[in-house]
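Below is one structure; the comments refer to it alone.
Just so you know, these numbers use all the heavy atoms, side chains as well, and skip hydrogens, waters and symmetry mates. Every chain is numbered from 1 and lettered A, B, ... according to where its sequence line falls, protein lines coming before strand lines. These figures come from a predicted structure and were not determined experimentally.
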There are 2 protein chains.
Amino acid sequence: MSRPEPAEVPGRRQTRQRSAVLALLDELEGFRTAQDLHALLRERGEPVGLATVYRALQALVDDGLVDVLRSEGLADGGAAYRRCSPVHHHHLVCRSCGRTVEVADPPVERWAARVAAEHGFADVQHQLEVFGTCAACAAAR
Amino acid sequence: MSRPEPAEVPGRRQTRQRSAVLALLDELEGFRTAQDLHALLRERGEPVGLATVYRALQALVDDGLVDVLRSEGLADGGAAYRRCSPVHHHHLVCRSCGRTVEVADPPVERWAARVAAEHGFADVQHQLEVFGTCAACAAAR
DNA sequence: CCTGTTCATGAGAATCATTCTCGCACGGCG
DNA sequence: CGCCGTGCGAGAATGATTCTCATGAACAGG
């Protein structure tokens, strides 16, 4: 109950671990699981606790700096994270190599809002992910 | 209103438990978790093992008779299942009561295919879910 | 209808990702 | 410089899903 700042970004403390997580995400191109990121950090000689990685990722998601993916497009049971631009967008993800392209789509935004309104739904939000096999992976196969 | 003749798939045995799961799903309108369905079945006096519910649901998903939802729009950590029409469609889900409306959207289909093609992606598939608060729930609040 | 083979079932254990607990260390500010 | 509160880390706890394996039911052939 001693929470000074509710939903705003309270001055997140700058720590070595948090910076390391963000820096790592900046270098990676596809979605990675928390466990994955944790393993990568240790390999790099950045000892970070697993719980800390989860905490950092949640904070980053809350701050809108990272996107999370829970679809079955990847391995089951694991949420995947990726550094993203803060503006609303969707993802085109390679099923095979995980490479991701951010795409915007104004028409879908409008469509979602309209359809929701037609059915009496308010406070609308939506999720759209497109999966496929990228050119490189298709060629390799 | 709907034919009581579920698509029987070769190699799939018809058992009391499997029928019970499918019958239950036919009556429910929203997405339910596996644990939820398990509890409901026991209440109805249909003793079914939890593992069996999971197996039945997976089989139904494989056969395309049931849709699965893994988004964070609902209860945390749990996949939700729902009886669905076999044709491609998307869902408009009430965040509060779980009521679901199936919606079709040809424009999005075309858009997804086009965007994927532009980036060299093949074998495309997509997922789109819209969450909101339905009229009834908004009024109740 | 009867019987054998095979696959499904069920109870509980195992697995796996994620979250929580709690004592300790460190960042930031006075 | 020293305090206060937040972040950290290791391991335990949680909770959903999957696996194991002995038993029983479903279908096919006789």
Report all interatomic pairs (protein N or O, nucleotide N or O of nucleotides 3-5 of chain D) with separations under 3.5 Å.
unit_1 : atom_1 : unit_2 : atom_2 : d
D/dG5  : N2     : A/R13  : NH1    : 2.6

Can I get a per-line list of side-chain donor-acceptor pairs under 3.5 Å for residues 97-108 of chain A, giving both atom names and the distance, sequence neighbours left out?
unit_1 : atom_1 : unit_2 : atom_2 : d
A/T100 : OG1    : A/G98  : O      : 3.0
A/E102 : OE1    : A/S85  : OG     : 3.1
A/E102 : OE2    : A/R82  : NH1    : 3.2
A/E102 : OE2    : A/S85  : N      : 3.4
A/D105 : OD1    : B/W111 : NE1    : 3.2
A/D105 : OD2    : A/V108 : N      : 3.2

Q: Specify the separation, in whole Å, of atom CZ of A/R32 and atom P of C/dA17.
A: 16 Å
**Q.** Heavy-atom pair with the smallest gap, counting every atom of A/C134 and B/F121
**A.** CB-CZ, 3.6 Å
Q: State the CG-CG distance between B/L57 and B/L65, to the nearest 0.5 angstrom.
A: 11.5 Å
Q: Nearest whole angstrom, please: distance from the C1' of D/dC8 to the CD of A/Q14.
A: 15 Å
Q: Give, for atom CZ of B/R42 and atom NE2 of B/H38, the distance between the pair rounded to the nearest 0.5 Å.
A: 4.0 Å
Q: Identify, with sequence neighbours excluded, every residue that meets side chain to side chain donor-acceptor pair (under 3.5 Å) alongside A/R44.
A: A/E27
(Q) Please give me the minimum heavy-atom distance between A/Q14 and A/S19, naming the atom from each residue. (A) NE2-OG, 3.0 Å
Q.
Tell me whether the side-chain N/O atoms of A/R18 come closer than 4.0 Å to OP1 or OP2 in D/dC8.
A. yes
(Q) In this structure, how many angstroms lie between the P atom of D/dG15 and the CG atom of B/D36, rounded? (A) 15 Å
Q. Looking at A/T15, does any N or O in its side chain come under 4.0 Å of the phosphate oxygens OP1/OP2 on D/dC8?
A. yes
Q.
Whole angstroms only, please: what is the CZ-P distance between A/R16 and C/dC26?
A. 10 Å
Q: First locate atom OG1 of B/T33, then atom CG of B/L40, and finally report the distance between them rounded to the nearest 0.5 Å.
A: 8.5 Å
Collect all protein-nucleotide pairs involving nucleotides 19-24 of chain C in which both atoms are nitrogen or oxygen and the distance is under 3.5 Å.
unit_1 : atom_1 : unit_2 : atom_2 : d
C/dT19 : OP1    : A/Q58  : NE2    : 3.1
C/dT19 : OP2    : A/Q58  : NE2    : 3.1

**Q.** Between C/dT18 (P) and A/H38 (NE2): distance, integer Å
**A.** 13 Å
(Q) Please confirm whether the shortest side-chain N or O distance from B/Q17 to OP1 or OP2 of C/dG10 is below 4.0 Å. (A) yes
Q) Do you see a donor-acceptor pair shorter than 3.5 Å between the side chains of B/R95 and A/Q125? A) yes
Q | Helix axis bend for the helix from C/dC1-D/dG30 to C/dG30-D/dC1 - C1'-based end axes, five pairs, 10° rounding | A | 30°
Q: Quick one: pull up CG in B/L22 and CG in B/L60 and give me the separation to the nearest 0.5 Å.
A: 5.5 Å
Q | Rounded interatomic separation in angstrom, taking CG from A/L60 and C1' from D/dG7 | A | 14 Å
Q. Do A/T15 and A/T52 have side chains that get closer than 4.5 Å, going by heavy atoms?
A. no
Q: Name the closest nucleotide to the B/A79 side chain, picking from D/dG9, C/dT18, D/dT17.
A: D/dT17
Q) Listed by chain and number, what are the side chain to side chain donor-acceptor pair (under 3.5 Å) partners of A/E109, not counting sequence neighbours? A) A/H88, A/H90, A/H126
